[in-house]
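Below is one structure, written out as structure tokens; comments come after it.
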Amino acid sequence: MRTVRAAAAIALASALTAVAGCGGGSSSGGGGSNESPKTLTYWASNQGPSIEADKKILTPELKKFEKETGIKVKLEVVPWADLLNRILAATTSGQGPDVLNIGNTWSASLQATGALLPWDQKNFDAIGGRDRFVDSAVASAGAEGQDPSAVPLYSLAYALYYNKKMFADAGISQPPATWDQLIADGKKISKDGKWALGAEGANLSNNIHQVFALGKQHGADFFDKAGKPTFTSDGALAAVKQYVDFMAKDKIIAPGNAEYAQNQSLQDFAKGKTAMVLWQAAASTFASQGMKPEDWGVAPVPVPSGTPGTGQNVNSMVAGINIAVFNNTKNVDGAKKFVKFMTSDAEQKLLNKTYGSVPPVKAAQQDPAFSASDVKVLRDTLATSAAPLPQVANESQFETTVGTAVKGLFADAAAGKPVTTESVKAALTKAQQQMTQ
């Protein structure tokens, strides 16, 4: 099995960008063991405004776990730009953390490597049962018909965050509900060094999230029912061009955003340089940047017309973070105890409140904090108008190839080069060829 796992991981990694060096944790030995029962290594994803902020949030909780169990947890918060490649390197080498966070869109890809502990009924029972979790969240933890490769930790969806003062200064009374309204409002705002919409043009995952939702609005899925890529369909072309055109044609995104990949668009928003941003959960970042809750508002992501959730009006991918156990852990029992701790009702309430996300644990969702106006938009979007990214084994390669294509098109737009249907098709054709080689 080790040979099969390594081969699968190598094949996947070779199709992606260059793999970064992996971090410490566990050694090989398929299926895990309890050779080091007093220690765990945990790779957390960067959920807050900075790596240091995440350490400050998580460290007290890890100390709490250590006090309860006697197990010391070594924390590393991994930037999103590095996380997938770090994980792929770990699956290839067999040298990974004991417990790690993964983007839920990567679940099927990482499941295919065999590197993650499957969450069968026995393992779910060890953390309180599968029925504690929202069904849609569990469905995003692996391919249909297989035991999930991870457990839901934070549930997220995209929303439109807007700066109330910048809207008022431009004479805009309410957030846009359609893309035409967003462009019209954006042109009123985009002047005198200020811009309407923030973007992260060099953030491959964010690029995919945005064009996937737009693709659904244009009737595109990016994959057919057999799992083959359809990146050059009319709907996919229209979606990518629409997104890049916010910079290239409509001039409502600053050219410098083509290079953004590490939450810089949120920083610009907090500084009053940008009036709107499409993001999953931004409250903690805005607070860290000195914004007060009354300074900003939240609305559903725009749709072509009508209301989100009707017809093709998907306005978000099903976003979220899952927590997984590396199959080669030297402390499999401790790792499952840690997952149980992190998904307990108390920790779910605390951590999701802090990050502005929605608990995937049903009981935790009942806390009044998750009925606040900003979180309610995320919760309602997840319930009514979000769609999961394709649960195919090469989904992570999709993020890399198409995300890179969008990055290149943003770079062209920033340089003043024309972004045409032909240039979009050429970029997506190259991405599709990379997927099928």
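Both backbone and side-chain heavy atoms feed into the values below; hydrogens, waters and symmetry mates do not. Along the sequence shown, residues are numbered consecutively beginning with 1.
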*Is it true that Asp380 and Lys376 make a salt bridge, defined as a side-chain N closer than 4.0 Å to a carboxylate O?*
yes
*Consider only side-chain N and O atoms of Asn46 and Asp54, and report whether a donor and an acceptor are under 3.5 Å apart.*
yes
*Any chance the side chains of Ser205 and Glu399 put a donor and an acceptor closer than 3.5 Å?*
yes
*With a 4.0 Å cut-off, would you call Lys349 and Asp345 a salt bridge?*
no
*Per the side chain to side chain contact (heavy atoms under 4.5 Å, CB included) rule, which among Thr232, Val406, Leu409 passes with Leu428?*
Thr232
*How about Trp179 and Phe246: are their ring centres within less than 6.0 Å of each other?*
yes
*Does the side chain of Asn123 come under 3.5 Å of the side chain of Lys336 through a donor N or O and an acceptor N or O?*
yes
*Rounded to the nearest 0.5 Å, what separation is found between the OG atom of Ser140 and the CG atom of Leu382?*
9.5 Å
_Phe65 and Phe341 aromatic ring geometry - parallel, tilted or perpendicular at 30°/60° bounds_ = tilted
*What's the verdict on salt bridge (charged side-chain N to carboxylate O under 4.0 Å, His left out) for Glu422 and Lys425, showing C-alpha distance, side-chain angles and the deciding distance?*
CA-CA 5 Å; Glu422 289 73 23; Lys425 186 173 184 178; over 6 Å; no
*asked:* I'd like to know whether the aromatic ring centres of Trp279 and Tyr161 sit less than 6.0 Å apart in this structure.
replied: no
*Looking only at non-hydrogen atoms, find the nearest pair between Phe326 and Ala90 and report the distance.*
CZ-O, 3.3 Å
*Once you round to the nearest 0.5 Å, how far does OH of Tyr42 lie from CG of Asp98?*
12.5 Å
*asked:* Can you see whether Ser423 engages Asp412 through a side-chain donor-acceptor pair at a distance of less than 3.5 angstrom?
replied: no
_I'd like to know if Arg86 pairs up with Asp82 as an ion pair, taking the criterion as any Lys NZ or Arg NE/NH1/NH2 lying under 4.0 Å from an Asp or Glu carboxylate oxygen._
no
*How about Phe398 and Phe222: are their ring centroids closer than 6.0 Å?*
yes
*Compare every heavy atom of Phe223 with every heavy atom of Thr230, then report the nearest pair and how far apart it is.*
OG1-N, 3.3 Å
*Roughly how far, to the nearest 0.5 Å, is the CE atom of Met317 from the NZ atom of Lys216?*
12.5 Å
*To the nearest 0.5 Å, tell me how far Thr401 OG1 sits from Gln434 CD.*
6.0 Å
